[in-house]
> 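The structure under discussion is supplied below as structure tokens; questions concerning it will follow.
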Amino acid sequence: MISPILQTTAYILSPDRRSVLLMRRDKYPQDIHFGKYMGLGGHVEADEDPVTCIRREIAEESGLTVGDLTLRGTVLWTNFADTDALCFMFRVDTFTGTQHGGNEEGTLEWVPLAEVRDKPMWDSDHEWLPMIFDDDPRQFHGVMPYDGYDMLSWSYQRI
């Protein structure tokens, strides 16, 4: 049995739906994600559900307030750096507010959707990231076992 850490990640679409707001983790060299582009999000706190968490994380990390939000799926990472995590993956279609430049972990950057694959990311992100943006209304739910920092496999279902 596993006891995963609960996490959230969101991908915020620009109003014209051509770009996505990503965080370039470039401020803390000891960060295991240093140099990589990632969605916004973080750990679910003891007093919040995943939707409350992602709204809070987006406000903290970007200064934006979530409007339309869609749960696109979940990914269970097992044995990633000796940790298990279950991540709730969201797409944000509308927002309000004024974006700031980032936080102590990284810098925010609007990346054209056509260029996302060219940005440095975990190789495994390319397995599920297309399902965040596709038009299939079904959610995906996958498991991605790791050996430290090496992805071993990927399997998922859509419902």
Side-chain angles (χ1 to χ4, degrees), residues 4-77 80-137 139-142 144 146 149 151:
I5 296 168
L6 300 182
Q7 300 176 331
T8 60
T9 299
Y11 295 88
I12 303 170
L13 286 175
S14 62
D16 66 6
R17 301 184 63 82
R18 293 184 183 159
S19 297
V20 60
L21 186 61
L22 298 177
M23 180 172 289
R24 184 180 55 188
R25 300 287 284 260
D26 59 358
K27 301 234 177 121
Y28 183 63
Q30 293 78 14
D31 180 358
I32 63 171
H33 306 294
F34 186 75
K36 295 187 175 8
Y37 283 73
M38 307 181 80
L40 282 64
H43 294 100
V44 178
E45 300 293 335
D47 63 342
E48 61 188 7
D49 59 81
V51 174
T52 301
C53 173
I54 198 59
R55 290 179 186 278
R56 173 184 56 78
E57 289 282 355
I58 288 171
E60 290 174 2
E61 292 185 354
S62 71
L64 301 174
T65 301
V66 171
D68 294 322
L69 177 70
T70 303
L71 177 64
R72 295 298 292 148
T74 60
V75 176
L76 174 62
W77 290 285
F80 177 80
D82 298 322
T83 302
D84 300 323
L86 176 63
C87 190
F88 297 84
M89 304 286 188
F90 295 92
R91 187 185 67 224
V92 175
D93 294 314
T94 63
F95 59 86
T96 59
T98 303
Q99 170 204 323
H100 57 66
N103 62 19
E104 70 279 352
E105 295 175 332
T107 306
L108 294 175
E109 183 178 324
W110 287 101
V111 176
L113 286 173
E115 297 175 17
V116 168
R117 286 194 70 79
D118 300 330
K119 297 297 181 184
M121 300 181 155
W122 289 103
D123 290 339
S124 57
D125 290 6
H126 297 294
E127 299 293 332
W128 49 263
L129 196 54
M131 292 184 281
I132 298 291
F133 304 112
D134 70 18
D135 293 327
D136 190 329
Q139 294 178 359
F140 65 91
H141 300 280
M144 189 170 276
Y146 268 78
Y149 298 107
M151 183 181 76

> With sequence neighbours excluded, tell me which residues meet ring-ring contact (aromatic ring centres under 6.0 Å, His included) with Phe88.
none
> For His43, which residues count as a ring-ring contact (aromatic ring centres under 6.0 Å, His included) partner, sequence neighbours excluded?
none
> Spell out, as yes or no, whether a donor-acceptor pair under 3.5 Å connects the side chain of Asp26 to the backbone of Thr107.
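Answer holds: yes.
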> Are the side chain of Glu61 and the backbone of Asn103 linked by a donor-acceptor contact shorter than 3.5 Å?
no
> Kindly compute the distance separating CD1 (Ile12) from CZ (Arg91), expressed to the nearest 0.5 Å.
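The CZ atom of Arg91 is 12.5 Å from CD1 of Ile12, to the nearest 0.5 Å.
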> Give, for atom OH of Tyr11 and atom CG of Leu129, the distance between the pair rounded to the nearest 0.5 Å.
5.0 Å
> Check the pair Met38 / Thr9 against side chain to side chain contact (heavy atoms under 4.5 Å, CB included), numbers first and verdict last.
CA-CA 8 Å; Met38 307 181 80; Thr9 299; over 6 Å; no
> Is there a side chain to side chain donor-acceptor pair (under 3.5 Å) between Trp110 and Gln99 once you walk through the steps?
CA-CA 11 Å; Trp110 287 101; Gln99 170 204 323; 2.7 Å; yes
> Please report the interatomic distance CG(Asp84) to CG(Leu6), rounded to the nearest 0.5 Å.
11.5 Å
> Go through the steps to decide whether Val111 and Lys119 satisfy the test side chain to side chain contact (heavy atoms under 4.5 Å, CB included), and finish with yes or no.
CA-CA 9 Å; Val111 176; Lys119 297 297 181 184; 4.0 Å; yes
> Is there a side-chain contact between Leu69 and Arg55, using heavy atoms and a 4.5 Å cut-off?
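When only atoms from C-beta onward are counted, Arg55 and Leu69 do touch, with a gap below 4.5 Å.
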> Mind listing the closest non-hydrogen atom pair of Ser62 and Leu21 along with its distance?
CB-CD2, 4.2 Å
> Keeping Thr94 on the side-chain end and Asp68 on the backbone end, is there a donor-acceptor pair under 3.5 Å?
yes
> Could you pull out the closest heavy-atom pair between Gly42 and Cys53, with the gap in Å?
O-SG, 3.9 Å
> Does a sphere of radius 6.0 Å around CG in Asp135 hold more than 12 heavy atoms from other residues, nucleotides or ligands, not counting ones at 6.0 Å or beyond?
no
> Compare every heavy atom of Phe34 with every heavy atom of Tyr28, then report the nearest pair and how far apart it is.
O-CD1, 3.3 Å
> Do you know the tightest heavy-atom contact between Leu108 and Gly102?
CG-CA, 3.8 Å
> Classify the ring geometry between Tyr149 and Phe80 as parallel (under 30°), tilted (30 to 60°) or perpendicular (over 60°).
perpendicular
> Would the distance check show the side chain of Glu48 and the main-chain N or O of Glu45 forming a donor-acceptor pair, the cut-off being under 3.5 Å?
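Judged by distance alone, yes, a pair lies under 3.5 Å.
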> Give the C-alpha distance, both sets of side-chain angles, the deciding distance and a yes or no for side chain to side chain contact (heavy atoms under 4.5 Å, CB included) between Val116 and Met121.
CA-CA 9 Å; Val116 168; Met121 300 181 155; 3.4 Å; yes
> Over all heavy atoms of both residues, which pair between Val92 and Ala10 is shortest? Give the atoms and the distance, please.
CG2-CB, 4.1 Å
> Does any part of the side chain of Phe95, heavy atoms only, come nearer than 4.5 Å to the side chain of Val66, both counted from C-beta?
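No, their side chains stay 4.5 Å or more apart.
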> Looking at CG of Leu22 and CD of Glu109, how far apart are the two atoms once the value is rounded to the nearest 0.5 Å?
7.5 Å
> Excluding sequence neighbours, so at least two apart, what forms salt bridge (Lys or Arg N to Asp or Glu O under 4.0 Å) with Asp136?
Arg138, Arg158
> Quick check against the 3.5 Å criterion: does Arg72 have a side-chain atom that pairs as donor or acceptor with the backbone of Phe133?
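No; zero donor-acceptor contacts below 3.5 Å.
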> Stepwise, does the side chain to side chain contact (heavy atoms under 4.5 Å, CB included) test hold for Trp77 with Thr83?
CA-CA 8 Å; Trp77 290 285; Thr83 302; over 6 Å; no
> Can a salt bridge be assigned to the pair Lys27 and Glu105 using a cut-off of 4.0 Å between side-chain N and carboxylate O?
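Looking at Lys27 and Glu105, the cut-off is not met.
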> Which value, rounded to the nearest 0.5 Å, describes the distance between Ile54 atom CD1 and Leu40 atom CG?
7.0 Å
> Distance check, rounded to the nearest 0.5 Å: His100 atom NE2 versus Glu60 atom CD?
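Atom-to-atom, His100:NE2 and Glu60:CD are 9.0 Å apart.
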> Restricting to non-hydrogen atoms, name the atom on Ile32 and the atom on Trp122 that form the minimum distance, rounded to 0.1 Å.
O-CZ2, 3.4 Å
